[in-house]
Amino acid sequence: MLSVVARPLGLGASCCRGSRRAIATVISGNKASKLVRERLKEEVEKMKVQFCGFRPSLVVLQVGDRDDSNLYISTKLKAAAEVLHSIMSVNENQTVHGLIVQLPLDTVNHINSELVTNAVSPEKDVDGLSCINAGKLSRGDLNDCFIPCTPNGCLELIRQTGVSVAGKHAVVIGRSKIVGAPMHDLLLWNHATVTTCHSKTPDLPEQVGRADILVVGAGRAEMVRGGWVKEGAVVIDCGINYVPDETRASGKRVVGDVHYASANQRAGFITPVPGGVGPMTVAMLMENTVQSAQRFLLRSQSHG
Ligand code: NAP
Ligand code: LUD
């Protein structure tokens with residue numbers, strides 16, 4: 001499934017140019033996600049020819065009308081029952097292969113997000129957030145589940161460095177259902193030794209200093225300082241934080257959870273924000289949707 005070929009992107013920061021340290025190799029999520037999308041386009045084209053115009057289909061359900069989501073829906077859903085009803089009807093719709101419920105849910109209506117994500121049929125849960133898919137991932141059944149898109153994209157970016165995961169010490173900051181917890185599982189079952197840190201971890205800089213591979217998903221602007229990072233480490237920054245910036249027309253700019261300017265002096269490889277994990281998340285959502293459509297075709301063939 002993770003078929004973007006891993007290849008070394010060049011020398012890491014562990015190599016010195018004269019007396020000055022080399023700067024980390026930038027792992028481009030923009031480039032890597034483009035490759036994934038190009039490959040998926042070919043696969044979708046093949047399905048279209050082989051199965052009379054068949055197309056993978058994804059539904060993104062938005063609850064409420066948060067202006068930071070890109071999808072606009074005209075009717076505001078007011079109760080969990082309505083949301084669940086919509087999910088059930090998409091679950092039963094044979095022309096749809098993927099369903100995600102955009103998070104966070106509109107807080108005004110206090111809908112239980114656990115209830116909502118678990119209502120999505122596991123075969124269409126291309127976000128990998130239902131307890132069935134999360135349980136399979138935590139037990140190491142990686143080929144029989146949907147892996148959440150952000151951690152899956154992070155692993156793909158790590159693979160692109162050519163640095164092997166097996167036997168490495170990986171540190172994950174964050175334990176959310178969408179980023180930290182599945183990232184921990186994915187690294188573990190790719191045979192890293194994993195430490196997961198969270199808001200009660202008392203010695204974050206020390207833990208970070210032990211990481212050959214560091215994945216950060218804390219939602220804290222530029223929290224991880226360059227000085228904490230182990231020399232030559234692979235640094236993957238999931239953070240998307242908006243900070244005020246008077247020099248921009250928008251009055252703000254996006255930064256990660258890692259202080260990029262200092263961390264790239266010590267890391268071997270580092271993802272930028274923007275243009276790192278974000279575009280890979282979207283590419284992995286497309287990958288999971290195509291995979292779901294392929295599984296759907298296999299099931300319908302075996303049922304005659
Ligand atoms: P979340 O649900 O708020 O979880 C944040 C996690 O970080 C929690 O486990 C929290 O610990 C931990 N944390 C918070 N402050 C910390 C600190 N000072 N030290 C150590 N750990 C700390 O957030 P999320 O949904 O996982 O998202 C994390 C970040 O990734 C956000 O910036 C989000 O925008 C971004 N994100 C990006 C993508 C993408 O595609 N690029 C996708 C999803 C999310 P506790 O558990 O103890 O509270
Ligand atoms: N809900 C997600 N909510 C928010 N950034 C994403 C995301 C792409 N159910 C569900 O897609 O997986 C999800 N499933 N999430 N997120 C965040 C989270 C969800 C965030 C950023 C991007 C997906 C992205 O493409 C660009 C980048 O990093 O280059 C642009 C960033 C910018 O604002 O400039």
Side-chain angles (χ1 to χ4, degrees), residues 26-34 37 58-64 66-71 83 87 98-106 113-114 116-120 124-130 133-134 146-154 156-157 171-184 195-208 214-225 228 236-243 245 248 250 252-258 260 271-289:
V26 179
I27 314 167
S28 170
N30 284 336
K31 280 191 201 153
S33 61
K34 193 160 172 266
R37 282 185 279 118
L58 169 73
V59 166
V60 179
L61 193 62
Q62 182 187 25
V63 180
R66 286 176 64 100
D67 58 9
D68 61 355
S69 297
N70 293 327
L71 192 76
V83 179
I87 292 174
L99 166 59
I100 72 168
V101 182
Q102 188 70 17
L103 297 172
L105 301 177
D106 191 324
S113 59
E114 194 65 13
V116 168
T117 47
N118 280 324
V120 176
K124 295 190 183 185
D125 171 31
V126 288
D127 246 341
L129 295 180
S130 70
N133 281 309
F146 286 113
I147 297 169
C149 306
T150 300
N152 210 6
C154 291
E156 195 54 60
L157 292 172
V171 173
V172 177
I173 306 183
R175 55 178 165 181
S176 70
K177 287 175 183 150
I178 197 166
V179 182
M183 191 73 242
H184 166 276
T195 302
T196 297
C197 304
H198 46 78
S199 65
K200 305 289 188 292
T201 300
D203 55 349
L204 199 59
E206 284 92 307
Q207 295 298 336
V208 168
L214 175 69
V215 183
V216 191
R220 300 276 181 269
E222 300 179 324
M223 177 184 77
V224 173
R225 312 308 291 184
W228 304 0
I236 307 289
D237 187 355
C238 301
I240 302 276
N241 309 288
Y242 295 96
V243 295
D245 186 345
R248 302 283 173 103
S250 62
K252 60 183 181 183
R253 82 191 141 92
V254 63
V255 298
D257 290 348
V258 175
Y260 188 87
T271 58
V273 177
V277 174
M280 279 308 273
T281 297
V282 180
M284 291 296 126
L285 178 62
M286 299 305 115
E287 171 139 306
N288 279 355
T289 304

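Order of appearance sets the numbers: ligands from 1, and atoms from 1 within every ligand.
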Handout entry: Numbering as shown, the atoms of ligand 2 that approach V282 to under 4.0 Å (heavy-atom distance)
Key = 8 (C)
Exercise for the section: Without swapping roles, check the side chain of T201 against the backbone of L204 for a donor-acceptor pair under 3.5 Å. Expected result: no
Exercise for the section: Answer yes or no: is there a side-chain heavy-atom contact under 4.5 Å between V282 and S33? Expected result: no
Practice task
Answer yes if the side chains of D203 and Q207 hold a donor-acceptor pair under 3.5 Å, and no otherwise.
Solution key: yes
Problem - From Q62 atom CD to L105 atom CG, the distance as rounded to the nearest 0.5 Å - result: 10.5 Å
Exercise for the section: Do me a favour and list the nearest non-hydrogen protein atom to atom 12 (O) of ligand 2 with residue, atom name and distance? Expected result: D127 OD1, 3.8 Å
Exercise for the section: Would you check whether N30 reaches within less than 4.0 Å of ligand 2, judged by its heavy atoms? Expected result: no
Problem - Close approach, P279 and ligand 2, non-hydrogen under 4.0 angstrom - result: yes
Handout entry: From I87, V126, V60, residue fulfilling side-chain contact (heavy atoms from CB on, under 4.5 Å) relative to L99
Key = I87
Completion exercise
In this structure, CG of L214 is separated from CG of D257 (nearest 0.5 Å) by 10.0 Å
Practice task
Can you sort out which atoms of ligand 2 are near V101, meaning under 4.0 Å from one of its heavy atoms?
Solution key: 9 (N), 10 (C)
Handout entry: Protein heavy-atom partner closest to atom 32 (C) of ligand 2 - residue, atom, separation in Å
Key = Y242 OH, 3.7 Å
Handout entry: Identity and separation of the nearest protein heavy atom to atom 1 (N) of ligand 2
Key = L103 N, 3.0 Å
Exercise for the section: Starting from atom 23 (C) of ligand 2, locate the nearest protein heavy atom and write down its residue, its atom name and how far away it is, to 0.1 Å. Expected result: T281 CG2, 4.1 Å
Handout entry: Nearest protein heavy atom with distance in Å, relative to atom 30 (C) of ligand 2
Key = P274 CB, 4.3 Å
Problem - Region of I240 engaging ligand 2 - heavy atom pairs below 4.0 Å - result: side chain
Exercise for the section: Report yes or no: does R220 contribute a side-chain atom to a donor-acceptor pair with the main-chain N or O of G217 at less than 3.5 Å? Expected result: no
Handout entry: Side-chain (D125) to main-chain (V120) donor-acceptor, under 3.5 angstrom
Key = no
Exercise for the section: Report yes or no: does a heavy atom of V273 sit under 4.0 Å from some atom of ligand 2? Expected result: no
Problem - I27 CD1 to L157 CG distance, which is reported to the nearest 0.5 Å - result: 6.0 Å
Exercise for the section: Can you pull out the closest protein heavy atom to atom 22 (C) of ligand 2? Residue, atom name and distance to 0.1 Å, please. Expected result: G278 CA, 3.7 Å
Handout entry: Sub-4.0 Å protein heavy atom next to atom 10 (C) of ligand 2
Key = yes
Exercise for the section: Examine distances only and state if a side-chain atom of D237 and a backbone atom of V258 form a donor-acceptor pair shorter than 3.5 Å. Expected result: yes
Completion exercise
heavy-atom search around atom 18 (C) of ligand 2 in the protein gives I178 CD1, 4.6 Å
Handout entry: Spacing of CD1 belonging to I236 relative to CD1 belonging to I173, to within rounding of 0.5 Å
Key = 13.0 Å
Exercise for the section: Before giving the answer on side chain to side chain contact (heavy atoms under 4.5 Å, CB included), spell out for V215 and C238 the whole-Å C-alpha distance, their side-chain angles and the decisive distance to 0.1 Å. Expected result: CA-CA 7 Å; V215 183; C238 301; 4.0 Å; yes
Exercise for the section: Could you check atom 29 (O) of ligand 2 against the protein and tell me its nearest heavy-atom contact, residue, atom and distance included? Expected result: G275 N, 2.7 Å
Exercise for the section: To the nearest 0.5 Å, tell me how far N30 CG sits from T271 OG1. Expected result: 11.5 Å
Fill in the blank from the handout: Output for pair (T150 OG1, M183 CE), nearest 0.5 Å, gives 10.0 Å
Exercise for the section: Show which atoms of ligand 2 fall inside a sub-4.0 Å distance from at least one heavy-atom site of Q102. Expected result: 1 (N), 3 (N), 4 (C), 9 (N), 19 (C)
Fill in the blank from the handout: Output for ligand 1, non-hydrogen cut-off under 4.0 Å, lists T150, I173, G174, R175, S176, I178, V179, H198, S199, L204, G217, A218, G219, R220, M223, C238, G239, I240, N241, V277, G278, T281
Handout entry: Nearest protein heavy atom under 4.0 Å from atom 7 (C) of ligand 2, yes or no
Key = no
